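Reading through the structure tokens given below for one structure.
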Amino acid sequence: PTTNVPATSACGFEPTLASGSSEHRLTSSAIERRFLTYLPPTADPRTALPVVFNLHGSGGTPEGQMATSGLAALADRKHFVIVAAASLGARWNVPPDPNKPDDVRFIADALDAVMQMACVDSRRVYSTGFSGGARMSSQLACDLSERIGAIAAIGGVRFPGPCARARSMPILAFHGTGDTVNPYAGGGESYWGTSVESAIDGWGSHNGCAARRPTHGRGRYRDAVVGARDRRGSACRATGKRRLAARRNAAAVRSRHRR
């Protein structure tokens with residue numbers, strides 16, 4: 001549930017973000033960058049709202065990601081702000097190349113800009129994305145964990161370890177075992193490399209969870225649920241859980257990837 005508080009006490013200013021879809025530009029690391037926002041028309045702009053970053057895949061656009069993800073309809077029901085950011089060129093800069101634009105910095109700057117326009121609950125900022133957008137969300141979980149509450153990675157979860165400064169991070173990942181662009185078992189292009197299960201195990205180790213015990217769910221989904229112990233020996237904290245759902249031979253996921 002959201003936290004209903006007056007704008008004067010929650011934000012200290014009158015929110016200016018227009019309802020519906022808007023386009024915005026800002027300068028990040030001396031480069032002009034672009035992002036879209038979606039504020040549900042039915043949401044109270046004076047209420048502290050969660051924010052969800054919705055990141056496109058390689059070769060995609062914020063507009064395309066909004067259309068294919070269907071998140072706007074969910075935001076209408078659940079009342080949260082969507083931020084659909086645009087990469088420079090075809091791909092997000094992950095793994096980070098210091099000679100290319102700093103996309104983690106850009107996402108942080110975009111969040112700052114949104115918080116100047118809308119009443120935002122800074123405790124509930126999340127990121128999701130498909131393929132390259134999932135890889136970018138994984139990078140945010142590592143490098144921006146002080147501001148990102150959890151991520152959901154579709155077709156591209158990574159563990160960009162060691163993430164020594166990152167706190168425990170809830171991770172939800174979906175991946176097709178038949179994916180030939182971001183192969184489930186690893187390999188593929190240089191940006192990919194390790195397997196999906198290795199990435200999930202990396203996050204589990206980072207979160208202090210015990211070894212995974214995969215269980216087979218119903219239908220075509222295998223649900224690998226982990227989280228038995230944290231670093232202190234107690235039950236793996238809710239803030240550090242990870243969950244992986246792998247769909248076997250997912251041709252639909254395969255066909256939507258772009259390199």
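Note that the coordinates shown come from a computational prediction; the quantities given were computed from them, not determined experimentally.
A salt bridge links R123 and D121; the closest N-O separation between the charged side-chain nitrogens and carboxylate oxygens is under 4.0 Å.
With a 4.5 Å cut-off on side-chain heavy atoms, P183 and W192 count as touching. You'll find the side chain of M66 stays beyond 4.5 Å of the side chain of H56, heavy atoms only. You'll find the side chain of F159 stays beyond 4.5 Å of the side chain of T194, heavy atoms only. The side-chain heavy atoms of L36 and S21, taken from C-beta on, include no pair separated by under 4.5 Å. Inter-residue side-chain proximity for Y184 and T177 is flagged as met; some heavy-atom pair is nearer than 4.5 Å.
In terms of heavy-atom proximity, A118 sits nearest to F13 at O-CZ, 3.5 Å. A152 and T128 get closest at one heavy-atom pair: O-OG1, 2.8 Å. Of all heavy-atom pairs spanning N54 and Q65, the tightest one is OD1-NE2, 2.9 Å. Summarising the geometry of C119 relative to P45, their closest heavy-atom pair is CB-O, 3.4 Å, with the distance given to 0.1 Å. Heavy-atom minimum distance, G156 versus S138: O-OG, 4.0 Å. Shown here for A18 and L39, the closest heavy-atom pair between the two residues is O-CB, 3.7 Å.
A distance of 8.0 Å separates CZ in R124 from CG in L49, rounded to the nearest 0.5 Å. Remark: M136 CE to S87 OG distance equals 10.0 Å, nearest 0.5 Å. Note that OG of S137 and CE of M169 are 10.5 Å apart. Values are rounded to the nearest 0.5 Å. Atom CD1 in I148 sits 11.0 Å away from atom CG in D143 (nearest 0.5 Å). Remark: F35 CZ to L55 CG distance equals 12.5 Å, nearest 0.5 Å.
No continuous path of ILVMFWY side-chain contacts below 4.5 Å connects F80 to L17, so the two sit in separate hydrophobic clusters. Hydrophobic clustering (side-chain heavy atoms under 4.5 Å, transitive across Ile, Leu, Val, Met, Phe, Trp, Tyr) groups I151 together with F53. Hydrophobic cluster membership differs between I82 and W92, with clusters built from Ile, Leu, Val, Met, Phe, Trp and Tyr side chains linked at under 4.5 angstrom. Hydrophobic clustering keeps L144 apart from Y126 (ILVMFWY residues linked when any side-chain heavy atoms are closer than 4.5 Å, directly or through intermediates). Under a hydrophobic-cluster definition in which Ile, Leu, Val, Met, Phe, Trp and Tyr are linked whenever side-chain heavy atoms come within less than 4.5 Å, directly or via other members, L26 and L140 are assigned to the same cluster.
For R135 and Y191, the positive end sits near the middle of the six-membered ring, less than 6.0 Å away and at most 45° from its axis. The cationic atom of R158 (NZ for Lys, CZ for Arg) does not lie both less than 6.0 Å from the six-membered ring centre of W203 and within 45° of the ring axis.
Scanning for salt bridge (charged side-chain N to carboxylate O under 4.0 Å, His left out) contacts around E32 gives R25, with sequence neighbours left out.
Not one N or O on the side chain of D76 forms a donor-acceptor pair closer than 3.5 Å with the backbone of P40. At least one donor-acceptor pair closer than 3.5 Å links the side chain of S145 to the backbone N or O of R167.
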Ignoring hydrogens and angles, write down the donor-acceptor pairs under 3.5 Å from the side chains of residues 95-115, residues two or more places apart or on other chains.
residue : atom : partner : partner atom : Å
D97     : OD1  : N99     : N            : 2.9
D102    : OD1  : V104    : N            : 3.2
D102    : OD1  : R105    : N            : 3.0
D103    : OD1  : R33     : NH1          : 3.1
D103    : OD1  : R33     : NH2          : 2.9
D103    : OD2  : N93     : N            : 2.7
R105    : NE   : D109    : OD1          : 3.2
R105    : NE   : D109    : OD2          : 3.3
D109    : OD2  : S28     : OG           : 2.7
D112    : OD1  : R147    : NH1          : 2.9
D112    : OD1  : R147    : NH2          : 2.8

